Participant: 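The structure's right below; bear with me while I get my questions together.
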Amino acid sequence: MKTSHFLALPLLALTLQLSSCKKDNNDTPNPTDPHYGQSVSLGNGAARTFVKLDASGNPDEIGISVSEAALNSLPADMAELVLELPAEGNKTPFKHAYVTYMPHGHEPDGVYTLPHFDFHFYKITNAERLTMTPGKEAEMSKAPDAGYLPADYITAGPVPMMGNHWVDATSPELGGKTFTTTFLYGSNKGDIIFYEPMITVDYLKKTTNQTLTIKQPRRLPHRAITLANTPSATMRPVKNMKLY
């Protein structure tokens, strides 16, 4: 399958891919090729998780592949996808991915009310995520130790079935700029449980190359993802986008 990266965060990377519908060529398998999870329908296409291992069998990237057919036939209503990881996902801190496509965006009005994707990479299982039911906002709202969040990150509030969202208060869209991309952390009961790139559909379709900064926490919990050694990031959406 011909693929091109949307987004990656090393050392263990979060990656979003745009893929065509061509069949994979497995005549000469490469141990560093991606291992895919089960596909889930989206529009006229599909989405699925993947994990890439390095030559030593250690996890190198974890991410989501979205077919071009899906991106070009997105539904008129909100779509929710629960994406399980391939077996190789056991080598990562992650348990599943939860994707929401928001054709009308979401609150706050005038900020995130553009068609976009919320890509949640969870360190808990789907069953555990579903225990965050309405009425448990207080325990969801318990703040992690400040060292586990980057500077300037503030709570955006708890969301049932998702967790408490933390957003960079200095993000351009919160200062009046048009929303294109942003990066959130998520927590429950004081633990970091997900990482969430939010990206507009328009940005995915139009942008070709961009370098940006991703703020990092001062401390990382056990088996945490290492986002990068430095806070610099390179994004090449649509055909090749990575965050480093």
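These numbers come from the heavy atoms of this one structure, side chains and all, not from hydrogens, waters or symmetry mates. Here the structure is a predicted model, which is why all the values come from computation and not from measurement. In this chain, numbering begins with 1 at the start of the sequence shown.
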Participant: Once you round to the nearest 0.5 Å, how far does NZ of Lys142 lie from CG of Asn188?
Facilitator: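 Rounded to the nearest 0.5 Å, the NZ-CG separation comes out at 10.0 Å.
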
Participant: Give me the atom names and distance for the closest heavy-atom approach of Pro103 to Pro115.
Facilitator: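 Shortest heavy-atom contact: O-CG, 3.2 Å.
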
Participant: State the CZ-OG1 distance between Phe121 and Thr92, to the nearest 0.5 angstrom.
Facilitator: 10.5 Å

Participant: For Leu42 and Ala70, which heavy atoms make the closest approach, and how far apart are they?
Facilitator: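 Leu42 and Ala70 have their closest heavy atoms at O-CB, 3.3 Å.
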
Participant: Can you check whether Thr181 reaches Thr200 side chain to side chain, under 4.5 Å on heavy atoms?
Facilitator: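 Side-chain contact under 4.5 Å: no.
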
Participant: Are Pro134 and Met161 close enough that some pair of their side-chain heavy atoms sits under 4.5 Å apart?
Facilitator: yes

Participant: When rounded to the nearest 0.5 angstrom, what distance separates CE in Met102 from OG1 in Thr113?
Facilitator: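 Taking CE in Met102 and OG1 in Thr113, the distance rounds to 11.0 Å.
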
Participant: What I want to find out is whether Lys215 reaches Asp168 closely enough, with some N-O distance under 4.0 Å, to be called a salt bridge.
Facilitator: yes

Participant: Is any side-chain heavy atom of Leu53 less than 4.5 Å from a side-chain heavy atom of Lys91?
Facilitator: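 Side chain of Leu53 against side chain of Lys91, heavy atoms only: contact under 4.5 Å found.
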
Participant: Sort out for me which residue in Glu107, His106, Glu173 forms a side chain to side chain donor-acceptor pair (under 3.5 Å) with Tyr112.
Facilitator: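 The residue from Glu107, His106, Glu173 that satisfies side chain to side chain donor-acceptor pair (under 3.5 Å) with Tyr112 turns out to be Glu173.
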
Participant: Is a donor on one side and an acceptor on the other found under 3.5 Å between the side chain of Asn72 and the backbone of Glu68?
Facilitator: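 Yes; judged by distance alone, with no hydrogens or angles, the pair exists.
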
Participant: CD1 of Ile199 to CG of Asp118: how many Å apart, nearest 0.5 Å?
Facilitator: 10.0 Å

Participant: Less than 3.5 Å apart, any donor N or O on the side chain of Glu128 or Thr131 sitting next to an acceptor on the other?
Facilitator: no

Participant: Determine, stepwise, if the pair Ser171 / Lys177 fulfils side-chain hydrogen bond (donor to acceptor under 3.5 Å, both in side chains).
Facilitator: CA-CA 9 Å; Ser171 294; Lys177 302 293 186 181; over 6 Å; no

Participant: Could you check if a side-chain atom of Met198 sits within less than 4.5 angstrom of a side-chain atom of Phe179, using non-hydrogen atoms only?
Facilitator: yes

Participant: Hey, do the aromatic rings of His96 and His120 have their centres closer than 6.0 Å?
Facilitator: no

Participant: Restricting to non-hydrogen atoms, name the atom on Leu81 and the atom on Ser41 that form the minimum distance, rounded to 0.1 Å.
Facilitator: CD2-O, 3.5 Å

Participant: With a cut-off of 6.0 Å (strictly less than), are more than 12 heavy atoms of other residues, nucleotides or ligands near CD of Glu139?
Facilitator: yes

Participant: Can you confirm whether Leu83 sits close enough to Arg48 that some side-chain heavy atom of one is under 4.5 Å from a side-chain heavy atom of the other?
Facilitator: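 Contact flag for Leu83/Arg48 side chains = no.
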
Participant: Evaluate the ring planes of Phe119 and Phe117, with Trp represented by its six-membered ring, and classify them as parallel (under 30°), tilted (30 to 60°) or perpendicular (over 60°).
Facilitator: parallel

Participant: Can you find a pair of side-chain heavy atoms, one from Thr49 and one from Pro86, that are under 4.5 Å apart?
Facilitator: yes

Participant: Kindly say whether Ala46 contributes a backbone atom to a donor-acceptor pair with the side chain of Ser67 at under 3.5 angstrom?
Facilitator: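 A pair under 3.5 Å: yes.
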
Participant: Rounded to the nearest 0.5 Å, what separates atom CD in Glu196 from atom OG1 in Thr182?
Facilitator: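 Going from CD on Glu196 over to OG1 on Thr182, the span is 9.0 Å.
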
Participant: Minimum heavy-atom separation for Pro75 to Ala79, with atom names?
Facilitator: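 Result for this residue pair: CG-CB, 4.0 Å.
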
Participant: May I ask you to decide if Gly157's main-chain N or O and Thr155's side chain share a donor-acceptor pair within less than 3.5 Å?
Facilitator: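 Yes; judged by distance alone, with no hydrogens or angles, the pair exists.
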
Participant: Test question: given the 4.5 Å side-chain rule for I, L, V, M, F, W and Y, name all other residues clustered with Tyr122, or answer none.
Facilitator: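 Reading the cluster by chain and number, Tyr122 sits alongside Val82, Tyr98, Ile124, Met132, Met140, Val159, Met162, Ile193, Phe194.
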
Participant: Working to the nearest 0.5 Å, report the span between OG of Ser187 and CH2 of Trp166.
Facilitator: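 Ser187 OG to Trp166 CH2: 5.5 Å, rounded to 0.5 Å.
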
Participant: Kindly indicate whether the side chain of Asp202, heavy atoms from C-beta on, has any atom under 4.5 Å from the side chain of Thr180.
Facilitator: no

Participant: Going hydrophobic residue to hydrophobic residue with side-chain gaps under 4.5 angstrom, can you get from Tyr148 over to Val167?
Facilitator: no

Participant: So which atom in Tyr101 and which in Val201 form the shortest heavy-atom distance, rounded to 0.1 Å?
Facilitator: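 Shortest heavy-atom separation between Tyr101 and Val201 comes out as CE1-CG2, 3.7 Å.
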
Participant: Given side-chain hydrogen bond (donor to acceptor under 3.5 Å, both in side chains), test Asn30 with Thr32 step by step and report yes or no.
Facilitator: CA-CA 5 Å; Asn30 185 324; Thr32 61; 2.8 Å; yes

Participant: Going by heavy atoms in the side chains, are Leu174 and Val111 under 4.5 Å from each other?
Facilitator: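 A side-chain contact under 4.5 Å exists here.
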
Participant: Centroid-to-centroid, Phe50 to His35, below 6.0 Å?
Facilitator: no

